[in-house]
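Here's the structure we're looking at; comments come further down.
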Amino acid sequence: MIKKLTINIVAGLLLLVPSLLFSQTGFTEYGLKGIPQSSNLNPAFKPNASLVFGLPVISSVNAGIYNTAFSFNDIFVQHPGDDSLYFNLTRPINSKSSSNYLSESFSVDLLSVGFRAGNGFMTVGIRNRVNARFYYTPDLLRFLWNGNGGYIGEQLFLSGTALYEEHFNDYYAGISFPVGYNVDVGIRAHFLQGLSNISTGRSNLTLLTEPDNVTGYRLTAQTDFSVETSGINDLLSDSTDFSPVDYFMNFGNIGYSFDVGIDARMGEQFVLQASVTDFGQLFWYGNPKNYSSSEAEVTFNGIDYDFSAENESNAFETYMDSLGNLLEVKEDARVYQSFLRTSMFLNGQYITLDEKHVFNLLFAGRFLEQSFEFALSAGYTFMPSDKFAFKLSYNYLKYAPLNLGLGFYFNFKPFQLYFTTDNVAGLFYIYGQHYADFHFGLNILIPYQYKNDIPWEHAP
Amino acid sequence: MVVLLWLVSSCKKDLSTISLSEWNPEMAAPFVRSQMTLRNLIPADSSLLVEDDSLMVYYYQKDSIIQINSDSLITIEDTLSSSYDFSLGDIKMESFGMEAGVTLNDLLPWFDEAVADSLLAHDGEYAVFPPFELLEPVTVEIPPVSQYEVLTFSDGYFDIEITNRLPVALQDVRFDIVDVVNNIVVKSVSLAQIDSGATVHDTLFLKGKTLSNTFSVVINSITSPGSYPDMVLIDLSKGLNVNMVARELRVVSGKAKIENQVIYSTIKMVDMGFDEARIWEILFSGGELKYRLESFLNLTVDILLRLPSADVGGEVPENSFRLPANDFFNSSWSLEEMSIDLTTDSLQPFNMIPVYLQLVIEPTTTLVEFDSSDYVKAVFAMEAMKVAYASGNLGKQTFPIDEDVVDLDLGFLENINGEIIFDDPVLTVNYQNSFGIPIVIHTQFTGVKLSSGNTIDLGVDSIVFDYPQTAGEMAEGSVVFDKTNSNIVDFLDFRPDQLVFSGDAFTNWNNDTMNFFTESSQLLGGTEIRIPLVFSTSSLVFSDTVDFSAGQTSLPVSKGRMLLNVLNGLPFDLNLQLQVPDSVTGVIIDKIDFGNIGSAVVDAQGKVVAPVQSNLKAVFDDDFLNNLERANSLLLSAQTVSAGGGSQPVGLYSDYKLSMAISFEATLKP
């Protein structure tokens with residue numbers, strides 16, 4: 001069962017391979033209020049539009065991937081003169097990182113509408129979002145690459161290996177409204193329709209291989225783990241029974257979240273923006289499946305097998321079954337809840353007096369299950385008019401410190417095309433990157449003023 | 001969309017060229033713990049037993065390789081018949097008598113006239129009796145004897161008594177007794193003188209004479225001197241009396257009234273004909289003694305049949321019946337529960353059944369013709385005889401024993417090649433003998449190997465069987481053949497497929513004693529072969545085939561090592577080898593040698609006292625794994641040498657075990 005679970009989870013992840021091409025956006029886009037979708041990062045952001053209509057899917061396609069330990073090229077090595085790619089984990093194994101993870105996300109707007117409401121700006125919409133994170137330890141990579149044969153007498157620490165995934169439809173409604181002078185506050189409420197989830201609860205895993213005078217070798221493992229899932233049972237058991245209709249129309253799992261933000265102009269040239277997004281949780285009621293094992297210590301000395309008897313299975317099959325049964329994985333169907341990965345942003349801007357140049361410094365952070373992921377971004381925005389803006393940014397992540405970001409939007413009535421990426425190199429050389437992301441879309445945008453003469457207070 | 005296409009094209013990598021060839025993780029893990037007892041190494045076999053002390057013993061038993069029944073020892077004819085003719089012979093006749101008297105009155109006509117007148121004148125007076133003389137013969141007729149008409153005598157006497165009742169002496173008395181019918185003079189009597197009142201006797205011996213029943217007395221001469229000077233009473237009614245009596249008569253033919261008499265009271269012997277067997281006493285459990293008596297007599301005969309030496313429930317079987325003249329009579333005796341003493345014939349005091357017959361002629365009231373050659377025919381037939389018991393002496397007889405074949409299911413040795421010297425095998429012949437007869441069987445035990453036709457002799461000459469001393473008892477015994485008195489060790493090493501048994505049985509081989517047996521007597525013999533697995537060997541190979549699923553060969557392994565930790569509780573050094581045969585040709589295409597596993601420590605009696613640990617390693621590579629794909633079974637071969645370099649016999653106990661743990665170190669090729 002574990003084997004099948006693993007295979008299907010990997011397959012699920014592989015289904016998201018296209019998303020490997022995309023990154024988790026935010027750093028370059030943050031502050032580009034001319035892009036209506038930037039309000040996803042701060043609900044206080046108001047676009048310079050009286051009406052925004054996001055066409056299904058093409059108005060917002062947003063994805064990203066971040067792997068702390070290695071890039072594609074780090075594990076698929078090309079030898080000179082050889083066209084083949086050789087799978088090799090030597091480089092990531094030799095990294096000094098104590099905890100690694102692979103994070104990916106993807107979202108599309110199914111529908112979005114934004115409109116002026118007095119001094120405020122309201123947004124409603126539906127987004128389909130999927131996030132996944134896989135935590136792995138260096139010992140896991142060593143075990144995977146070298147096997148346990150090279151670690152006789154040495155305990156392999158696999159604790160912290162974990163997988164998280166949430167896929168949901170996000171039904172939201174938000175408003176940005178002025179509070180005081182030159183301060184906009186935004187708040188957005190989300191109704192979440194959970195589609196699928198994987199949440200790792202406990203993950204206390206170790207493996208020790210020791211020589212034994214009687215049995216040759218003895219395996220001792222700590223196998224204390226729990227994984228909660230919902231919405232993926234059909235995929236795990238038999239993907240031929242998977243019904244996309246049933247999957248997407250499942251309202252058995254519900255949740256909520258809130259976004260809050262503030263956008264404050266301080267003086268003529270300084271702006272302070274802060275926001276907290278994805279503060280919420282999902283309740284997984286619909287067909288949950290929980291897997292757990294709480295063996296403090298399991299010792300395996302081989303199987304007892306009678307070669308002379310007529311056995312239902314041969315020795316190898318019995319051996320594999322025995323290994324599988326060692327974990328004593330319990331299954332139940334308890335409902336559970338998961339929390340969204342709350343993000344926070346703090347951005348400071350300096351705007352030139354002609355308001356054509358903006359410099360910003362952004363601190364972004366996200367609360368992950370086992371860590372707090374942060375990023376720093378420094379950007380320059382050139383806004384020659386209200387129809388066009390272009391931004392360059394330098395984005396720093398702990399395990400991907402060199403990322404040159406790029407973003408632009410172009411309004412050509414009544415459409416707006418926009419694109420942002422926090423790592424341009426990830427577009428051209430994804431296989432060598434730890435971090436890559438992408439956000440683009442095509443909106444129908446009716447400017448607030450259908451002229452280039454944009455009031456100062458509504459400058460992007 | 002343009003941007004997206006640009007991104008896709010820029011990201012293009014030929015993922016189909018990804019190779020995992022540098023990914024060779026090494027795994028080390030325990031695999032299997034297994035325990036083998038000797039019952040695993042030696043295939044299950046219904047003939048392989050475990051004794052109380054756990055010693056494994058090959059045990060084979062077959063009943064009835066020897067079976068001798070009572071009908072094998074003695075042959076009883078289906079029908080045994082005897083016939084006897086009982087001739088009438090000479091029979092007894094009742095005595096009879098005749099009387100003839102002649103008075104003076106009767107004689108006067110034949111006297112001188114003057115004498116006659118004188119006698120007439122003085123009749124009744126005392127006077128001087130005148131002398132007289134018979135002038136002519138006088139015939140005195142006698143009435144016929146009513147008892148017979150004619151008889152031929154074989155014995156008897158005819159007494160004649162003459163009495164002179166006259167008052168004067170008679171002289172020159174001459175008369176004839178004449179058979180009137182046959183006109184023969186039966187007896188002539190001549191008397192010189194018969195005094196007055198005197199009686200004279202004469203006797204005629206009748207043997208050989210045939211006489212009718214009618215006689216006359218012809219007085220040829222009588223004279224008398226008279227009584228002068230004496231005065232005597234002259235009574236003309238007085239005269240001469242002739243009395244005749246036939247006595248002690250035995251006749252051989254004739255026509256007469258026959259008196260009641262026993263013509264036969266005799267014992268005839270019926271010979272049971274048991275060939276060389278001499279049976280003294282026999283008890284039947286079934287059968288019939290039929291008898292038929294047919295009369296060729298004109299007489300009714302009362303017959304008494306008896307079996308004087310027989311007994312049925314305390315009673316002597318006998319039957320009496322009337323056999324009418326010229327008629328027959330059939331009857332029978334059931335032989336069931338009839339015991340008969342067969343020793344009553346002094347000339348042949350065995351095998352003889354005495355039959356007593358008494359034939360009694362019933363008296364006739366009429367005249368019956370008869371002849372001494374007339375007879376009664378008696379036929380005795382004994383049919384469907386079943387002997388419940390017999391005693392006697394069978395003599396020295398020889399009986400062939402039917403050949404029997406015992407299939408030796410030495411299956412437990414099928415997987416074992418090489419020389420194996422069993423220490424104490426035993427072949428036992430168990431028997432039950434209810435014949436009270438000394439019997440010896442000269443035996444031939446031959447082992448046959450069917451594939452080659454080769455044979456080996458077990459080296460057993462003969463088997464002497466005990467026998468009971470009292471009827472109804474059974475002697476049981478066992479004859480044991482081991483390495484001291486047979487060739488059994490080599491016999492088993494030959495590994496025959498069959499044991500062929502044959503032989504000849506001899507009775508009374510040692511002496512002539514009284515033998516007995518019953519209907520149910522049998523000599524039954526069965527054989528047991530007991531082969532304790534105690535043996536020595538220097539070249540014994542155990543081999544076994546392990547089914548090998550093709551799926552196992554799909555393991556992503558390039559090379560590795562198998563580690564065997566063995567705790568050997570068997571009294572053998574074992575050299576283990578795993579052989580890979582080609583699934584099509586059977587040729588061994590690869591093998592792994594695990595090396596030598598030391599024998600357990602054994603004591604002087606060859607019993608294990610402590611197991612011995614051995615740690616072995618065997619390397620396998622990619623070639624071996626490739627060869628595995630061509631096999632669907634594996635041969636595990638263990639070459640063994642028993643303790644002491646193969647010189648010390650060791651016993652195999654079922655609780656001996658060999659424990660092993662297999663672990664592996666493998667380099668994977670995912």
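We use all heavy atoms of the structure for the numbers below, so side chains are in, but hydrogens, waters and symmetry mates are not. Note that the coordinates shown come from a computational prediction; the quantities given were computed from them, not determined experimentally. Within every chain, numbering begins at 1; the chains are lettered A, B, ... in the order of the sequence lines, protein sequences first and strands thereafter.
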Compare every heavy atom of [Y] with every heavy atom of [X], then report the nearest pair and how far apart it is.
{"X": "B:A28", "Y": "A:T209", "result": "O-CG2, 3.8 Å"}
{"X": "A:G216", "Y": "B:S663", "result": "CA-OG, 3.4 Å"}
{"X": "A:G147", "Y": "B:M27", "result": "CA-SD, 3.6 Å"}

Using modelled atom types and a 3.5 Å cut-off, is there a donor and acceptor pairing between side-chain atoms of [X] and backbone atoms of [Y]?
{"X": "A:N146", "Y": "B:P25", "value": "no"}
{"X": "B:R33", "Y": "A:T215", "value": "no"}
{"X": "B:N565", "Y": "A:N213", "value": "yes"}

- [ ] Side chain from CB out, backbone as N, CA, C, O: work out which of these in A:Y319 comes under 4.5 Å of a heavy atom of chain B, or both, or neither.
- [x]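 For A:Y319, the side chain is the part near chain B, not the backbone.
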
Task: Heavy-atom contact with chain B under 4.5 Å, split by part of A:L144 - done: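 Answer is both: backbone and side chain atoms of A:L144 are under 4.5 Å from chain B.
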
First locate atom [atom1] of [X], then atom [atom2] of [Y], and finally report the distance between them rounded to the nearest 0.5 Å.
{"X": "B:E26", "Y": "A:N148", "atom1": "CD", "atom2": "CG", "value": "9.5 Å"}
{"X": "A:T90", "Y": "B:E22", "atom1": "OG1", "atom2": "CD", "value": "7.5 Å"}
{"X": "B:F31", "Y": "A:F300", "atom1": "CZ", "atom2": "CZ", "value": "9.0 Å"}

- [ ] May I ask you to name which of A:L219, A:I152, A:I58 has the most heavy-atom pairs under 4.5 Å with chain B?
- [x] A:L219

Task: Max heavy-atom pair count under 4.5 Å with chain B, selected residue of A:L442, A:N301, A:V77 - done: A:N301

- [ ] May I ask you to decide if the ring planes of B:W23 and A:W145 are parallel, tilted or perpendicular, using 30° and 60° as cut-offs?
- [x]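 Correct class here is parallel.
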
- [ ] Measure B:E665 against the heavy atoms of chain A and call it side chain, backbone, both or neither at under 4.5 Å.
- [x]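 It is the side chain, since no backbone atom gets that close.
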
